[in-house]
Amino acid sequence: GGSTEVGPRAPVPPVSAVGLAPDEPLRVVATTSIVADVVRNVGGDAIALTQLMPLGADPHAFESTPQDAGVISDAHVVFINGVGLEVFMDRLLASAGGNTPVVTVSDGIRLLAFAGEHADDEALADEDHGEDDPHVWFDPNNVKVWVANIESALSELDPDRATTYRENAQAYLAELDALDGWIREAVTVIPEDRRGLVIDHSVFTYFAHAYGFEQVGTITTGGSTLSQPSAREMAALQEAIVDHGVRAIFVSTTVNPRMAEQLARDTGIQVVPIYTGSLSDASGPAGTYLAFMRYDVGRIVEALR
Amino acid sequence: MAPLLEILVAPLRYPFMVRGIVAAILVGIVCALVGTYMVLRGMAFLGDALAHSILPGIAVGYIVSGGGRGPIFWWGLGTGILTALGIGALGKGAQVKEDTAIGIIFSGMFALGIALISTMRSYAVDLSHFLFGDVLGVSPSDLWLTAGLAVLVSVIVFVFYKEFLVLAFDSTLAETLRFPSGFLHYLLMVLIALTIVVALQTVGIALMVAMLTTPAATAYLLTKRMAPMMGIAALIGAVSGIVGLYLSYYVSVASGAAIVLVCTGIFLLALLFSPRRGIVRGWLQSRG
Amino acid sequence: MAPLLEILVAPLRYPFMVRGIVAAILVGIVCALVGTYMVLRGMAFLGDALAHSILPGIAVGYIVSGGGRGPIFWWGLGTGILTALGIGALGKGAQVKEDTAIGIIFSGMFALGIALISTMRSYAVDLSHFLFGDVLGVSPSDLWLTAGLAVLVSVIVFVFYKEFLVLAFDSTLAETLRFPSGFLHYLLMVLIALTIVVALQTVGIALMVAMLTTPAATAYLLTKRMAPMMGIAALIGAVSGIVGLYLSYYVSVASGAAIVLVCTGIFLLALLFSPRRGIVRGWLQSRG
Amino acid sequence: MLGKLGVFEPVVHATGAAILDVYELTVGYNGTTALDRVTFHLNVGERVAVVGPNGAGKSTLFKVIAGVLEPTSGDVRVAGCSPRGHICIAYVPQRNDVDWMFPVTVEDVVMMGRFGRLGLFRRPGRQDRAVVRECLGIVGLAELAKRQISELSGGQQQRMFIARALAQESTLMLMDEPLTGLDMPAQERILALLDVLRMQGVTVMVATHDLNQAADYFDRVMLLNHRLLGIGTSAEVFTTAHLRDAYGGQLRLVETGDGLLALNDTCCGHG
Amino acid sequence: MLGKLGVFEPVVHATGAAILDVYELTVGYNGTTALDRVTFHLNVGERVAVVGPNGAGKSTLFKVIAGVLEPTSGDVRVAGCSPRGHICIAYVPQRNDVDWMFPVTVEDVVMMGRFGRLGLFRRPGRQDRAVVRECLGIVGLAELAKRQISELSGGQQQRMFIARALAQESTLMLMDEPLTGLDMPAQERILALLDVLRMQGVTVMVATHDLNQAADYFDRVMLLNHRLLGIGTSAEVFTTAHLRDAYGGQLRLVETGDGLLALNDTCCGHG
Ligand SMILES: Nc1ncnc2c1ncn2[C@@H]1O[C@H](COP(=O)(O)OP(=O)(O)OP(=O)(O)O)[C@@H](O)[C@H]1O
Ligand SMILES: Nc1ncnc2c1ncn2[C@@H]1O[C@H](COP(=O)(O)OP(=O)(O)OP(=O)(O)O)[C@@H](O)[C@H]1O
Ligand SMILES: [Mg+2]
Ligand SMILES: [Mg+2]
Ligand SMILES: [Zn+2]
């Protein structure tokens, strides 16, 4: 597969510079640990970053406390993934956010419909965001859009440190390019006929699209961890696993692996746990976004080669 | 400023805290009023059931409207009222007990909702939100809606106090007094549905069930008359809302959970120390 | 092969279908037996309540065990039994009605669970699974657990049939016959808790509530005696499980939802056409 | 507002009409026939005792007249209208299936009898409270007015429901075995009350199993066993043939000056 | 298995002892005293009527003896043991708070009376079914045996509970106003049954409001009004002074050959 073309630059919401004291950092909030990690890389020491969702949280379900709301209320800017991932936060942001600008880091990414179907232009034109897959970070090229969005937002809020942000962003973009290259290299060992991916819920849409895989099927249909398959879909998935010679079922660490385990047992393949919606803690194997991608791709390669 | 005052005032800096407290008080009062009837008629679970039952309505509303919050609310409300009327009809026909009627319709509707969602193949129907609610995410317009509801429910409960009392206590008497039993029965069901759907918007299922049941049950331990029971229940509901939110602010517990826990705590105190039916009193009596 | 036979056999090619059907039948039977008592005693909601109440146990189990599935199950079971005993004590003390006791403890425990989880700040405890369950994800060892439970519950229900009957119908008689009412009451609560926690593992809350309530209520419309009521309920539970899974296979509806919908459908048929209390019969009678 | 919709509309009596007309009334419970073509009339101010064996259909008759049960066929008119339209019927059922733990006091329950006369929006006033106090006094519960209802003895509960029926100040009182569980002074007081009610033009129907009470305290008696076996003075109705029809041959009968009397005890043997 | 744990263990009677000893029994409901230091004894085979005004404490006494209510102080011994240990007490409560829609037939309810005699694991046998049929015959419900219990009239329900108590074949029967709502032939039959029970050595305590019945059909009468006013033959107990104490001055008293009799009707006036 070729490189994903980056869509038009995101129209960052009109933010204006906030007056900061010389050594006062910009107060920044990010929702998931993955968004937070990218923001940290762009902002560096110049910002005071708060990550809203704890490590290991399923971003599809989360409840906030008054502290969370207070943090948002006191912040200069909030970065969210968007694309319907943090549905729970709409009202919290509307309520506590008040004047706090909210930046959707995924703005400008070319979105794909979930469940493995490649987005065609029709789907893009369709304003129905419920059909878009929110798991954009499985393609580092999408994260490059994040970086651009984050950098421009931070710079406009805090023009004095714009240079720092630009330098940090440049450095990190380079690392993302390196990651993209590394992934392309790593997956070459997987033969063409083994590039079928099965996963608990539809997180591999962008990964498959970028690196020449096919998301053969998911256990829960739709993009949510919160639904249940029918017997027909399970049967179809089992057939697909056999037909495509799928070697493994990947399961998020935050999701119950029961169905996957049974299906794997019946078809004689293995279950491989990976990280999807959240990083591990710093000492774990997926403490940063870069490590997270390397870890997951490592597991994929290991399982499918 | 005195430290205590400081403690009380500090959270009020945030407008969302103020809105949350107002919402919790309003919901606490309305739920207590409506919940009194539910507790007395053995329908404590109607809240939980209705909240789950509106799922298919929400799913259909989502499909039809393409995801707008407004239409989904009205679809939910419509389904809630229809379900409440269905439960009312099934329970009134005396074919099955009221709680069984609730159970059947609840699980049937919920299953229908899940089936619909599973064919929709879309996840945007925000289930977890309905489960946990989010009293801190209450918008000013939600607040107006809740306040409007609170006034409506209070007025109806006040106007029909006599009639609802007789209906709940002795339906044969209601018949012989020629009260329009059917109308009143369904009016109460609609009131309950209205309360639940609006409360759901602001506070979520778990919190709502607690607000419907626990204050009314606590008040039941403390008085032997209906009107004071409603008053005490409303007071407990409101106090739990305030204390719970402060607790949530200072201890950092999820706000809905904090309110429920305060509520449950008050119930336990009443259970132990009620002058009328308290355990401690019974225990003291049996010893001397 | 005849087309009908082909239709019946085709899904059985998949081992998960066979396991799912066996699990649905077992759970259907056990829930029907236990559910009969729940429906007759007006505790239709105990299932939903207990299922939610074990949340704090699961949370603590998660913290203590560091996420192992086995220990979490036992923590859940322990919490379930404790909660059931607590509800039993509160309802037996006659301080409040049984359904109110259930409501209070349910919301209190659920809130405690949410509070615990929100301080843990980890959602690794998988809530959605408990809500929807997955009868298609049943493992052979789950199946053995369920079968063991089915045998245990059936034996106890059979052995204590007389005693449970008297206890449910007329507790004063149970006292004068010197049945160990307390022991039996708590035994029944423990049975219910056991059923619920095990069924939860296999089928999830929504399905379980339906299996506890709907078949028993349907049977209630069809017979005027207790033993046949249990038998018919068990039959309906088992049939719903089988038909529902075939439906899920051929029509592609979420499996749990399909089972519940079949179950609800049978109830509606009984409601319309029951020879004893059916609506159609009543209507025919009133016309001539 | 609801009055306009006809929901709470009071019914104006057709003057001069008999207060109660029952015509060819038949009631069946799936399969069994409880009442079989029963026809009779009551005049304003009459006191009628309804007697008959267990399962004769007495309670069924009362329920239909009170409007809480639909007849299978036949016609019931209270002051010329259908019973469903009436708010001036007071009914004491044989068994009160109420929740005894309900948070109401004795006083509250009796006050409910007044609710029919208050419209929507009106709260009970001073006069209503006076009536309630008076009715409680009549049944001898004045001292227990503030008790929660579960704290009453069986007879006290029964008295409370009689007081509630009295508080309704209705023109037709239906009391299904109201003296059940009352001690003798209380029974005397209720029976004495019948005279007062008659003076107020209240029509009273009472079901009872005590044939002597029926003969002594009521203007007419009605003997029922699914069919109406007779209605008239006790001398007309309590004939050997009628009583045999109703109770079978097991009743001890005693000849008195006024006619036949059936006895269930031997008190007269002492006299 | 449970028998070993002492849960289902039957109690062996201390022979020769009085069947019931009540000593200084006091029962208070929060605040009010229902029974005040009541002491008496019953011998095997006696038939005792308990009379007293509403709220006298009759039902409270029965509940304590049946073991369903804990006394505040004092002692109750049935055949020398505490009532909680006994399975040979049959108790017909004044009000049966059962769910009438429960899926049981009349037969099933009467069969429940037999469950005390069956151990764990045993199912009712042929003999049990015969006893049930017989008891249904005695109360005249044989034809309604297969009915669901909500399909009974008030009197028929009461008969069913009496049949259940009979089916227990116990040595001490406590019946709290059992004749409530029964028609006269049925009352006669139950009262006639008392003789049969006496021959079988069954001790019977019956609460009633009918002083004449109490005097005529029972060996001894007990007059209760919170305190025990008297226990003995009706001539000893039903004295003007005692009855005044119990009922106040409102009772009409008639002098008979046997002593004083209290009347609640005027039947003797006719004779
Ligand atoms: N649960 C209760 N709580 C408080 N007081 C009670 C309760 N039950 C009964 N009482 C009171 O105790 C006294 C005795 O009641 P009990 O039921 O024993 O009377 P009784 O002799 O059976 O009367 P009746 O002839 O009306 O049945 C009465 O004054 C009654 O009001
Ligand atoms: N819900 C019901 N379903 C079926 N049959 C019923 C029902 N209610 C009453 N019956 C039957 O109808 C007949 C009349 O009953 P009803 O209650 O009117 O008798 P009653 O004269 O009041 O008797 P009692 O003196 O015992 O109160 C009885 O044979 C009874 O068994
Ligand atoms: Mg009757
Ligand atoms: Mg009594
Ligand atoms: Zn996801």
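Chain letters run A, B, ... following the sequence lines, proteins first and then strands; every chain starts at 1. Values below: every heavy atom of this structure, side chains too, minus hydrogens, waters and symmetry copies.
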Nearest-0.5 Å distance, CE of residue Met112(D) to NZ of residue Lys162(B):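 That separation rounds to 12.0 Å.
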Spacing of Arg225(B) atom CZ and Phe102(D) atom CZ [to the nearest 0.5 Å]: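 So the CZ of Arg225(B) and the CZ of Phe102(D) are separated by 12.5 Å.
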Audit row: Phe115(D), Glu163(B), side-chain contact (heavy atoms from CB on, under 4.5 Å) steps and yes/no: CA-CA 8 Å; Phe115(D) 287 177; Glu163(B) 286 75 15; over 6 Å; no
Flag if over 12 foreign heavy atoms under 6.0 Å of CZ, Arg126(D):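 Counting other residues, nucleotides and ligands, CZ of Arg126(D) stays at 12 neighbours or fewer.
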Over 12 non-hydrogen atoms of neighbours within 6.0 angstrom of OH in Tyr161(B):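 Yes, because the 6.0 Å sphere around OH of Tyr161(B) holds more than 12 heavy atoms from other groups.
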Most contacts with chain B, counted as non-hydrogen pairs under 4.5 angstrom, among Asp99(D), Leu174(D), Val109(D), Asp108(D):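 Counting heavy-atom pairs under 4.5 Å, the top option is Asp108(D).
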Proximal component of Met226(B), with respect to chain D [non-hydrogen, under 4.5 Å]: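 It is both, since atoms from each part get that close.
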Which atoms of Ala227(B) approach chain D - backbone, side chain, both or neither, heavy atom under 4.5 Å: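 It is neither, since no heavy atom gets under 4.5 Å.
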Side chain proximity check, Leu165(B) to Met111(D), heavy atoms < 4.5 angstrom: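 The answer is no, as the side chains (C-beta and beyond) never meet within the 4.5 Å cut-off.
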So which heavy atom on [X] is nearest to which on [Y], and how close?
X: Leu177(B); Y: Gly113(D); value: CD2-O, 4.3 Å
X: Pro93(D); Y: Thr172(B); value: CG-CG2, 4.5 Å
X: Lys224(B); Y: Lys146(D); value: NZ-O, 2.7 Å
X: Pro103(D); Y: Tyr220(B); value: CD-CE1, 4.0 Å

Region of Ile149(D) that comes under 4.5 Å of a non-hydrogen atom in chain B: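 The side chain, not the backbone.
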Arg164(D)/Asp170(B) ion pair, N-O < 4.0 Å: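 Answer for the salt bridge query: yes.
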Cation-pi check, Arg178(B) onto Tyr91(D) ring (under 6.0 Å, within 45° of axis):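 Ring-cation test returns no.
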